[in-house]
Amino acid sequence: MRAGRKMPLRSEIDPREMSPYLSHSFILHQSQTGDVRFRVAGMAVNELMGMELRAMPLRSLIVPEERAIFSSTLQKVFEEPEIQEYTLISDRHGKPRLTGHMLILPLKGDFPNSDRAMGCLTTEGPVGVAPRRFSVENVLRTSLKTGLMTRTKDGQQAERQLEAVGFAEAQAPFARETKVPYLRVVK
């Protein structure tokens, strides 16, 4: 959908094309104050909190002691823009262990900068009694400007430059030596 651009327009998102995934999907909006809230969320996401999440801040899915760090990291989706992938875990207060994966993709909205994002949240394990709040195990951030990937795990950060910007996989290096005896590289 990006078609060579940094991000697609919000108006280009057609829910009919994503119907199998809608229950795990959501659209976010960044207000002028910088607060990131749900515009709409699928049923699977709503069930995690036991309520309709429309107009609720995305940080409400995160445990209170990690919300400040989560919110500052989330701002980069809109400022850079960048793609963020979170690995989440919820296993507090005697509730069954629940792991989650959240992907957040920036969208172009009504203003010159990105003020919208589309996301998906999938979980593994029983939801149990709502609300379920998550701790962030690690974050993979990919800048759409530079292609720089940054992974943060347990407070440690590692960076890697991508060959191609976006979702493309890094290109494998050319192997000069062949394993086929009758072929050789000629310079």
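Computed over heavy atoms, backbone and side chain alike; hydrogens, waters and symmetry mates excluded.
Side-chain heavy atoms closer than 4.5 Å link hydrophobic residues (I, L, V, M, F, W, Y) into clusters, and following such links, possibly through other members, connects V45 to M51. Follow the hydrophobic side-chain contacts under 4.5 Å out from I89 and you never reach V63; the two are in separate clusters.
Side-chain contact between L61 and L88 is absent, with no heavy-atom pair separated by less than 4.5 Å. Looking only at side-chain heavy atoms (C-beta outward), V36 and Q75 come within less than 4.5 Å of each other. Side-chain atoms of M118 and I27, non-hydrogen and from C-beta on, do get closer than 4.5 Å to each other. Inter-residue side-chain proximity for V77 and L28 is flagged as unmet; no heavy-atom pair is nearer than 4.5 Å. Proximity of K145 to P81: side-chain heavy atoms (C-beta onward) are separated by under 4.5 Å at one or more points.
Without hydrogens or angle criteria, S71 side chain to A68 main chain gives no donor-acceptor distance under 3.5 Å. In this structure a side-chain-to-backbone donor-acceptor pair under 3.5 Å is missing from D115 to Q30. R39 places no side-chain N or O within donor-acceptor distance of the main-chain N or O of H29, the cut-off being under 3.5 Å.
Applying the side chain to side chain contact (heavy atoms under 4.5 Å, CB included) criterion to L22, with sequence neighbours excluded, gives P15, M18. Remark: S31 pairs with T33, D35 by the side chain to side chain contact (heavy atoms under 4.5 Å, CB included) rule, at least two apart or across chains. Applying the side-chain hydrogen bond (donor to acceptor under 3.5 Å, both in side chains) criterion to E137, with sequence neighbours excluded, gives no partner residue. Residues satisfying the side chain to side chain contact (heavy atoms under 4.5 Å, CB included) test with V139, not counting sequence neighbours, are T73, Y86, V136, R141. Shown here are the salt bridge (Lys or Arg N to Asp or Glu O under 4.0 Å) partners of R133, two or more places apart in sequence or in another chain: there are none. Residues forming a side-chain hydrogen bond (donor to acceptor under 3.5 Å, both in side chains) with T87 (at least two apart in sequence, or on another chain): N138.
Nearest heavy-atom pair across I83 and P106 is CG1-CD, 4.2 Å. Across every non-hydrogen atom of E52 and M56, the tightest pair is O-CG, 4.2 Å. Contact record, M149 with T142: CG-OG1, 3.7 Å, taken as the closest heavy-atom pair.
Screening residues 120-153 for ring pair (Phe, Tyr, Trp, His ring centres under 6.0 Å) gives no qualifying pairs among residues at least two apart or on separate chains. Applying the salt bridge (charged side-chain N to carboxylate O under 4.0 Å, His left out) test to pairs two or more places apart or on separate chains, those with a residue in residues 63-73 are E65-R92. Contacts classified as ring pair (Phe, Tyr, Trp, His ring centres under 6.0 Å) and involving residues 35-62 (residues at least two apart or in different chains) are given here: F26-F38.
For the atom pair OG (S72) and CZ (R59), the distance works out to 12.0 Å, reported to the nearest 0.5 Å.
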Pairs of donor and acceptor atoms involving the side chains of residues 95-105, under 3.5 Å and at least two apart or interchain, shall be tabulated with distances.
residue : atom : partner : partner atom : Å
K95     : NZ   : V129    : O            : 3.2
K95     : NZ   : P131    : O            : 2.7

